[in-house]
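Structure record follows, encoded as structure tokens.
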Amino acid sequence: MTFTDAIKACFAKYADFKGTATRPEFWWWVLFTIIVSLVLGMVHQVVSSAFSLATLIPSIAVGARRLHDIDKSGWWQLLWLIPVVGWAVLIYWAAQPGKAPNRFTQ
């Protein structure tokens, strides 16, 4: 999956919490949101904040689909609320190869 394909897929599945997301889809999306937020932050902080707010739901959705790809519930994203340890666990899981078939595969 290319960078543009991943961005299109995430916007097309804006609030779709079902199914799975591949590693490239997830990581390209993360890279996209970080780069655009940084660039917009240099322009104006309010614009960057508006972009971050607009991409919050698709970010949560692609995170849930990524966890589904490794056969974990999307609710595990709540680990982001635990500093350092929770973040490390989620980054580790996001880097794992998908497990197909699994209970979330359509």
Side-chain angles (χ1 to χ4, degrees):
M1 176 170 279
T2 66
F3 179 77
T4 54
D5 290 340
I7 304 314
K8 287 177 187 177
C10 288
F11 277 121
K13 300 175 183 176
Y14 192 89
D16 183 8
F17 294 87
K18 296 178 182 165
T20 61
T22 62
R23 280 189 292 183
E25 180 181 349
F26 175 79
W27 289 112
W28 282 128
W29 176 259
V30 169
L31 180 66
F32 167 74
T33 56
I34 289 171
I35 290 172
V36 172
S37 289
L38 289 174
V39 170
L40 291 176
M42 288 185 252
V43 173
H44 199 281
Q45 191 60 41
V46 173
V47 178
S48 177
S49 297
F51 172 77
S52 296
L53 187 60
T55 57
L56 178 64
I57 292 173
S59 295
I60 294 170
V62 75
R65 291 193 313 269
R66 179 69 203 124
L67 287 171
H68 290 171
D69 195 39
I70 61 166
D71 204 25
K72 300 216 180 292
S73 170
W75 287 101
W76 280 107
Q77 288 185 91
L78 292 174
L79 285 176
W80 277 115
L81 299 174
I82 303 171
V84 184
V85 174
W87 304 340
V89 169
L90 285 169
I91 291 169
Y92 173 77
W93 283 346
Q96 297 304 302
K99 297 176 183 175
N102 63 44
R103 61 190 161 134
F104 299 101
T105 305
Q106 294 178 353

> Considering all heavy atoms of both residues, which atom of Ala6 and which atom of Pro24 are nearest to each other, and what is their separation?
Replying inline: CB-O, 4.3 Å
>> For a quick test of reading the model, state the closest non-hydrogen atom pair linking Val62 to Cys10 and the distance between them.
In response: CG2-SG, 3.6 Å
>> Please determine whether residues Met1 and Ile7 belong to a single hydrophobic cluster, defined as Ile, Leu, Val, Met, Phe, Trp and Tyr linked transitively by side-chain heavy-atom distances below 4.5 Å.
In response: no
>> Test: salt bridge (charged side-chain N to carboxylate O under 4.0 Å, His left out). Region: residues 75-96. Which pairs qualify, not counting sequence neighbours?
In response: none
> Should Leu81 and Val89 be counted in the same cluster of Ile, Leu, Val, Met, Phe, Trp and Tyr side chains packed under 4.5 Å apart?
Replying inline: no
> Roughly how far apart are Trp87 CH2 and Leu79 CG, rounded to 0.5 Å?
Replying inline: 12.5 Å
> Is a side-chain N or O of Gln77 found less than 3.5 angstrom from the main chain of Ile60, in a donor-acceptor match?
Replying inline: yes
> Looking only at atom types and distance, does a side-chain atom of His68 sit under 3.5 Å from a main-chain N or O of Gly19, one as donor and one as acceptor?
Replying inline: yes
>> Within the 4.5 Å heavy-atom criterion, are Leu31 and Trp27 side-chain neighbours or not?
In response: no
> Counting only heavy atoms not in Trp93, do more than 12 fall under 6.0 Å of its CH2?
Replying inline: yes
>> Looking at every non-hydrogen atom in both residues, tell me the closest pair between Phe26 and Ala94 and how far apart they are.
In response: CE2-CB, 3.6 Å
> In terms of hydrophobic clustering (I, L, V, M, F, W, Y; side-chain heavy atoms under 4.5 Å; direct or indirect links), are Ile57 and Phe51 co-clustered?
Replying inline: yes
>> Is there a path of hydrophobic side-chain contacts, each under 4.5 Å between heavy atoms, that joins Val47 and Ile34?
In response: yes
>> Let's go through Arg23 and Gln96 carefully: what are the C-alpha distance in whole Å and the side-chain angles of both, what is the deciding distance for side chain to side chain contact (heavy atoms under 4.5 Å, CB included) to 0.1 Å, and is it a yes or a no?
In response: CA-CA 8 Å; Arg23 280 189 292 183; Gln96 297 304 302; 6.0 Å; no
>> Using 0.5 Å steps for rounding, measure from the CZ atom of Phe17 to the OG atom of Ser73.
In response: 12.0 Å
>> Is it the case that over 12 heavy atoms from other parts of the model lie below 6.0 angstrom from the NZ atom of Lys72?
In response: yes
>> Using side-chain heavy atoms (C-beta onward) and a distance below 4.5 Å, is Asn102 in contact with Ile70?
In response: no
> Where the side chain of Ser37 meets the backbone of Ser48, is there a donor-acceptor pair that is under 3.5 Å apart?
Replying inline: no
> Out of curiosity, Lys8 NZ to Thr2 OG1, how far, rounded to the nearest 0.5 Å?
Replying inline: 7.5 Å
> Taking side chain as C-beta onward, heavy atoms only, is Trp29 less than 4.5 Å from Thr55?
Replying inline: yes
> Could you state the interatomic distance from OG1 (Thr22) to CZ (Arg66), rounded to the nearest 0.5 Å?
Replying inline: 7.0 Å
> How long is the span from the CG atom in Leu38 to the OG1 atom in Thr33, to the nearest 0.5 Å?
Replying inline: 9.5 Å
> Given the rule that I, L, V, M, F, W and Y join up when any side-chain heavy atoms are under 4.5 Å apart, are Trp28 and Ile91 in one cluster?
Replying inline: yes
> Please walk me through it: do Leu90 and Leu67 pass side chain to side chain contact (heavy atoms under 4.5 Å, CB included)?
Replying inline: CA-CA 9 Å; Leu90 285 169; Leu67 287 171; 4.3 Å; yes
> So, Asp69 side chain and Pro97 main chain: donor-acceptor pair closer than 3.5 Å or not?
Replying inline: no
